[in-house]
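Chain letters run A, B, ... following the sequence lines, proteins first, then strands; residues in each count from 1.
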2 protein chains.
Amino acid sequence: MKNMINASESPRKVPSHEITYCRLRDMILFGQLAPGQPVTIQGLTATLEAGMTPVREAIRKLTAEGALELQGNRRVSVPQLTVSQLDEIAFARLTIEPKLAQMATNHLRANDIAALARIDGEIDQAIAGGDVQRYLRGNFNFHFTLYERAEAPILLSIAQMLWLRFGPSLRVVCGRYGTANLPDRHGEALDAMRSGDAAQLAAALEGDIAQGIEQVRLSLPPSGI
Amino acid sequence: MKNMINASESPRKVPSHEITYCRLRDMILFGQLAPGQPVTIQGLTATLEAGMTPVREAIRKLTAEGALELQGNRRVSVPQLTVSQLDEIAFARLTIEPKLAQMATNHLRANDIAALARIDGEIDQAIAGGDVQRYLRGNFNFHFTLYERAEAPILLSIAQMLWLRFGPSLRVVCGRYGTANLPDRHGEALDAMRSGDAAQLAAALEGDIAQGIEQVRLSLPPSGI
DNA sequence: CATCGCCGGTTTTGATCATATCCTGTGCGT
DNA sequence: ACGCACAGGATATGATCAAAACCGGCGATG
């Protein structure tokens, strides 16, 4: 009986590289780091209060996910989106995410929907208050709380990858134009969830995603943000 | 004007972790490692003749790509596909790869098609000779030589990720049933390339992919391969 | 009396760090 | 302007610490 299933969660020792990875990921996802900004290992060891090895591993992982970019000369930076890359992301997101939403529909329980409604409320507050940081986190939470219910880990990981590439640019857009005309088709999505209409939910998500991408696209042409 | 584009490639120093990553990746992709097989860092430092740090970084990167799996107890192994994961991979591959093929169509030059035809010839030889290793490499080369012409790095990286998850299981199927009824719709694809018909090319790829996935699906139910 | 399960030590392996080495980019001197 | 030396930072190694798996013995039970 010693090594039992460890129901729920035991006080697991969380490895340092895991923590470092998450922290760095959030920094990228929610806009602490701007596109094009260089990232140094030793700088991160200071800001993340971690050793050099964990930071290196976090960077490797994020590089593999496309959230960071090796510049050839052993420098690392946050990538800047080009128009054609934005097109790729658009295609992939518009394919994967509605699918995830559709798959999630039948697994949604009442409390899931309640949680999503609450998150949507926070997003509205953030938009009203012009709180970019909070909007970004809320938006992320809304989408991925939904997607997780699809129980499709591979598609989920692809979606995360796409958000990692998309996040920094979205942050820049928010910073530039404020939270006024940010996408929020979440009400429509919540209606679809309540009626269990997978197709409608997928359509709502598709609209939300397309809107966000257009928002970013408008900011790109000058010189890749 | 000092650091010019460095046309083609300069004698770049290839970092050790890069080499290690590639070698380990190929081991997974072409079946040196079976699904479920545990992977130890110190074992790899021996077989790959690399230090501990490069191996660790390679593992992190491949973990991020889903080619390896952390088992919670800080052990690493090659993941075994479940049926539902295979469905996810099927959906994603059937979406992404035909798209890549379609995008590549207009960029294909005569010598690209010639190269693909040559690779297809090698695949045929491998199938005829029952050379699984060579078939897998040829098949990979055929698809990705084509996909690279799409000039869509993000979709390409997604496709690579999917192949990394798919590779080990395909290898098992090959080892079990031989190379007899492996997918090879490449002739059809080559015809489409020569006539520049993007839709037909996408359709051919779709058929090829679907066939490969079915092949693996048939082997799964017993107990996840 | 034989078998099963628990418990302890042993050993393998992973995580982290401190350090040595090398590369890249920069600035100074000619 | 060119080349050389310097500095900053990245790469890579080996050592050290800690956790987890492994193995063998002891005691309880049928």
Mapping B:Q42 and A:T53 to their closest nucleotides on DNA chain C, which lands nearer the 5' end? B:Q42
Length of the line joining A:Q71:CD and D:dG9:C1', which is rounded to integer Å: 14 Å
Are any of the side-chain heavy atoms of B:E122 and B:Q125 separated by less than 4.5 Å? no
Enter the distance from A:R56:CZ to A:T20:OG1 here, rounded to the nearest 0.5 Å. 13.5 Å
Atom-pair distance (CD1 on A:I41; C1' on D:dA12), nearest Å: 11 Å
In whole angstrom, what separates B:M52's CE from C:dT16's C1'? 11 Å
Take B:G51 and A:G43, find for each the nucleotide of DNA chain D with the closest heavy atom, and name the residue whose nucleotide sits nearer the 5' end. A:G43
Which nucleotide sits closest to the side chain of B:R74: C:dA15, C:dG25, D:dT11? C:dA15
For A:E57 and A:R75, find the nucleotide of DNA chain C closest to each by heavy atoms; which residue's nucleotide sits nearer the 5' end? A:E57
Around A:Q133, counting heavy atoms of other residues, nucleotides and ligands shown, do more than 12 lie under 6.0 Å from its CD? yes
Separation of D:dT11 C1' from B:E18 CD (nearest whole Å): 13 Å
Contact under 4.0 Å: B:N73 side-chain N or O vs D:dA19 OP1/OP2: no
Counting side-chain heavy atoms from C-beta on, which of C:dT13, D:dA10, C:dA15 comes nearest to B:T40? C:dT13
Side-chain N,O (B:R60) to OP1/OP2 (C:dA15) below 4.0 Å: yes
Which whole-number value in Å describes the distance from B:E69 CD to C:dG14 P? 16 Å
Please determine whether a side-chain nitrogen or oxygen atom of A:R56 lies at a distance below 4.0 Å from atom OP1 or OP2 of D:dT11. yes
Measure the acute angle between the ring planes of B:F142 and B:H186, then classify it against the limits of 30° and 60° as parallel, tilted or perpendicular. parallel
Rounded to whole Å, the OH-C1' distance (B:Y21 to D:dT11) equals 19 Å
Whole-Å gap separating P (D:dA10) and CG (A:L70): 11 Å
Going by atom types alone, do A:Y147 and A:E97 pair a side-chain donor with an acceptor below 3.5 Å? yes
